[in-house]
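Working notes, structure below.
Every number for a ligand or one of its atoms is a count from 1 in the order of the listing.
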Amino acid sequence: MKLVTVVGARPQFVKCAPLSREIRKEHTEILVHTGQHYDPEMSDVFFRDLAIPEPDYHLGVGSGSHGEQTGEILARIEQVLLKEKPDMVIVFGDTNSTLAGALSATKLHIPVAHVEAGLRSFDRSMPEEINRVVTDHVSDLLFCPTRTAVRNLADEGITRGVHLVGDVMVDALEYNRHIAAKKSRILERFGLPPGGYLVVTVHRPANTDNWEHMDAILSALGESGQPVLFPVHPRTKKMLNEFGCWSVLPKNIIVTEPLGYLDMLQAMANARKILTDSGGMQKEAYLLGVPCITLRDTTEWVETVEDGWNVLVGADRGKISEAIVAFSPEKTRSMIYGEVGASGRIAKILGRRSGLSGG
Ligand code: UD1
């Protein structure tokens, strides 16, 4: 079977790594990098850390408004698909690259497989939520990480082609956590005591583009008095420049460039708590058994909250401070994201679909 896999943004590099390894055992994969994330620390380092094969196509779309970025990717992927004529296109998650990849394929009547299908935050003000909903509705194979995701799809009338396979991020994390522990020097680099510091990331427009939100988050982090490792996403850096607030940043916050996968894994695994508005990091915190404080009012990873390992605090200074001090999970985790091996299960289902392999 000939598959075109579309990636473009940081979280997709992580998800594509274990799946690529599996599907290349049985299928031909053409890897397309849209170029949505292009800075070396947002892209190249992930290809290196995760040993992802070189992309066959680099579309170089770069930044732009949502319409521009999505439209540009859509047009450029179409050319690749017309040339390669794949049997199926694989897309991951919820970014503009996901949506554009799915739309270009479906318009050319090429079946679409969506990895991480069925997630919903029920917040349509987030661009990612629109991308999730539309992508799911044009997909032929929907690979769900959780039962909640399967239920969400059923509620929208999608039941055909739906497979509960578990989460490919579990595969990425399990494969790499020991490599990270051995190779990464991130704790030494910043003098971080194991179990004695916080990790924070912020990149959602709802936070980064609103000074009151950023001020509340940074003030609460300052109040904590603990060392805080803060790898800054390019969007966040741009906004902090515009707000002109670097000089008033609390002294306990250690600002750094975005980290590669192995350094981030090692930093998260040894943190006391993680504060984030990223979707992927909420899940990684859960898998690593580190309490997560989510800087949003909603989440698509509801199970982490229900299981007591994640708390939603929005950008409320008081709630953030309180959670830093007092939030402490009581229950043992129930491993809701399934066993290792989602990538293998997906490859097998793709094989069945092609009728060429895999039982
Ligand atoms: C995107 C995804 C989000 C994902 C996140 C991971 C969408 C709608 N959002 O958000 O789901 O969780 O990636 O990081 O697709 N920029 C750079 N260099 C880069 C990349 C971006 O400078 O390598 C800057 C640009 O100014 C750009 C801004 O960051 O305008 C935002 O990038 P964009 O890809 O639009 O969205 P993210 O916020 O990264």
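Closest to atom 33 (P) of ligand 1 by heavy atom, among Q36, E41, M42, is Q36. The closest heavy-atom contact to atom 22 (O) of ligand 1, among the options G64, P234, P11, G62, comes from P234. Closest to atom 9 (N) of ligand 1 by heavy atom, among M126, E128, K238, is E128. Between the choices H203, H37, R10, the shortest heavy-atom distance to atom 39 (O) of ligand 1 belongs to H37.
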Side-chain donor/acceptor pairs under 3.5 Å, residues 176-183, sequence neighbours excluded:
from : atom 1 : to   : atom 2 : distance (Å)
N176 : ND2    : A172 : O      : 2.8
R177 : NH1    : E174 : OE2    : 3.1

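Note: an N/O pair closer than 3.5 Å links N96 and ligand 1 by distance alone. The N/O atoms of Y38, backbone and side chain alike, include one that comes under 3.5 Å of an N/O atom in ligand 1. Considering backbone and side-chain atoms together, N131 places no N or O closer than 3.5 Å to any N or O of ligand 1.
Judged as a side-chain hydrogen bond (donor to acceptor under 3.5 Å, both in side chains), the pairs with a partner in residues 224-235 (not counting sequence neighbours) are, in order, Q226-R272.
Of the protein's non-hydrogen atoms, the one nearest atom 27 (C) of ligand 1 is S63 OG, 3.3 Å. Of the protein's non-hydrogen atoms, Q69 OE1, 3.7 Å is the one closest to atom 35 (O) of ligand 1.
Using a non-hydrogen distance threshold of 4.0 Å, S278 does not register as a contact of ligand 1. Between K237 and ligand 1 there is no heavy-atom distance shorter than 4.0 Å.
In this structure, H114 contributes its side chain and T135 its backbone to no donor-acceptor pair below 3.5 Å.
In this structure, a donor-acceptor pair under 3.5 Å is present between the side chains of T276 and T201.
Each of L229, D277, I274, L295 was scored for a side-chain contact (heavy atoms from CB on, under 4.5 Å) with V200, with one residue passing: L295. The only option from L50, D49, V45, I186 that meets the side-chain contact (heavy atoms from CB on, under 4.5 Å) definition with L262 turns out to be D49.
Under a cutoff of 6.0 Å and an axis angle of 45°, R48 and Y261 do not form a cation-pi pair.
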